[in-house]
Amino acid sequence: MARRTQELGRFTDVALLVLISLAEGQKHGYRMISDIEQFSGTSLEPGTLYGALMRLEERGWIEPVESEERRKPYRITAGGRDALREQLATLRRVEQAGARRAGVVWGPA
């Protein structure tokens with residue numbers, strides 16, 4: 001399967017975490033950091049997060065939301081949802097190949 005977003009560059013782990021966080025609704029930076037830590041166990045530094053936000057916004061995968069507050073919320077765009085779905089499908093294939101090759105059998109969750 002050819003990647004439609006190939007021209008947009010390599011996907012990073014931080015970008016994936018941000019898109020997953022924003023997929024459930026708009027958030028500002030501090031809330032994203034908390035959410036990402038909660039669902040993934042990954043603790044991001046603000047500089048790392050804001051660098052990823054800048055790159056994702058340049059790609060058109062997220063956008064800022066008008067706000068009266070000091071904190072600037074972001075939301076995922078349709079293109080960002082497409083990129084997220086594509087990356088998750090790739091990760092699924094990688095996980096399945098890795099589990100099969102390593103002889104890992106996942107039990108009920």
Side-chain angles (χ1 to χ4, degrees):
M1 177 169 102
R3 292 189 68 173
R4 291 186 315 251
T5 56
Q6 190 171 18
E7 72 278 2
L8 298 174
R10 185 174 163 267
F11 220 96
T12 66
D13 292 338
V14 175
L16 177 61
L17 296 173
V18 169
L19 291 177
I20 291 169
S21 180
L22 293 178
E24 76 173 356
Q26 68 184 34
K27 294 180 181 76
H28 56 73
Y30 178 76
R31 191 161 161 227
M32 273 185 262
I33 287 173
S34 298
D35 182 47
I36 289 167
E37 187 163 8
Q38 181 181 7
F39 75 76
S40 74
T42 302
S43 181
L44 297 179
E45 295 294 324
T48 302
L49 174 70
Y50 286 103
L53 291 175
M54 184 178 71
R55 289 186 299 277
L56 289 168
E57 188 175 356
E58 286 172 355
R59 291 177 176 169
W61 292 353
I62 66 169
E63 61 189 6
V65 177
E66 290 293 322
S67 175
E68 298 292 322
E69 296 181 26
R70 187 179 68 111
R71 294 178 175 160
K72 181 175 167 180
Y74 290 86
R75 68 178 157 222
I76 192 169
T77 64
R81 284 193 185 280
D82 289 344
L84 177 57
R85 284 187 203 104
E86 185 175 322
Q87 185 64 8
L88 291 173
T90 298
L91 290 173
R92 171 64 68 154
R93 289 190 306 276
V94 169
E95 181 270 332
Q96 289 172 343
R100 185 177 58 252
R101 292 175 184 189
V104 175
V105 178
W106 302 113

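Just so you know, these numbers come straight off a predicted model, no measurement behind them.
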Taking all non-hydrogen atoms of both residues, which atom of [X] and which atom of [Y] are closest, and how far apart?
{"X": "L19", "Y": "G80", "answer": "CD1-O, 4.1 Å"}
{"X": "A52", "Y": "V14", "answer": "CB-CG1, 3.3 Å"}
{"X": "G29", "Y": "L49", "answer": "O-CD2, 3.4 Å"}
{"X": "F39", "Y": "L17", "answer": "CZ-O, 3.7 Å"}

Report yes or no: do L84 and V65 belong to one cluster of Ile/Leu/Val/Met/Phe/Trp/Tyr joined by side chain heavy-atom distances under 4.5 Å? no
Separation between [atom1] of [X] and [atom2] of [Y], rounded to the nearest 0.5 Å:
{"X": "I33", "Y": "L44", "atom1": "CD1", "atom2": "CG", "result": "6.5 Å"}
{"X": "R101", "Y": "Q96", "atom1": "CZ", "atom2": "CD", "result": "12.0 Å"}
{"X": "Q26", "Y": "I76", "atom1": "CD", "atom2": "CD1", "result": "12.5 Å"}

Suppose clustering is done on Ile, Leu, Val, Met, Phe, Trp and Tyr with side-chain heavy atoms closer than 4.5 Å. Which residues sit in the same group as V104? W106
Scan for side chain to side chain donor-acceptor pair (under 3.5 Å) pairs involving residues 29-38, sequence neighbours excluded, and state none if there are none. S21-D35
When L22 is tested against each of K27, R75, R81 for side-chain contact (heavy atoms from CB on, under 4.5 Å), which residue passes? K27
Close side-chain approach of L16 to L91, heavy-atom, < 4.5 Å: yes
For a 4.5 angstrom cut-off between non-hydrogen side-chain atoms, does E57 reach M54? no
Salt bridge (charged side-chain N to carboxylate O under 4.0 Å, His left out) with E69: which residues, sequence neighbours excluded? none
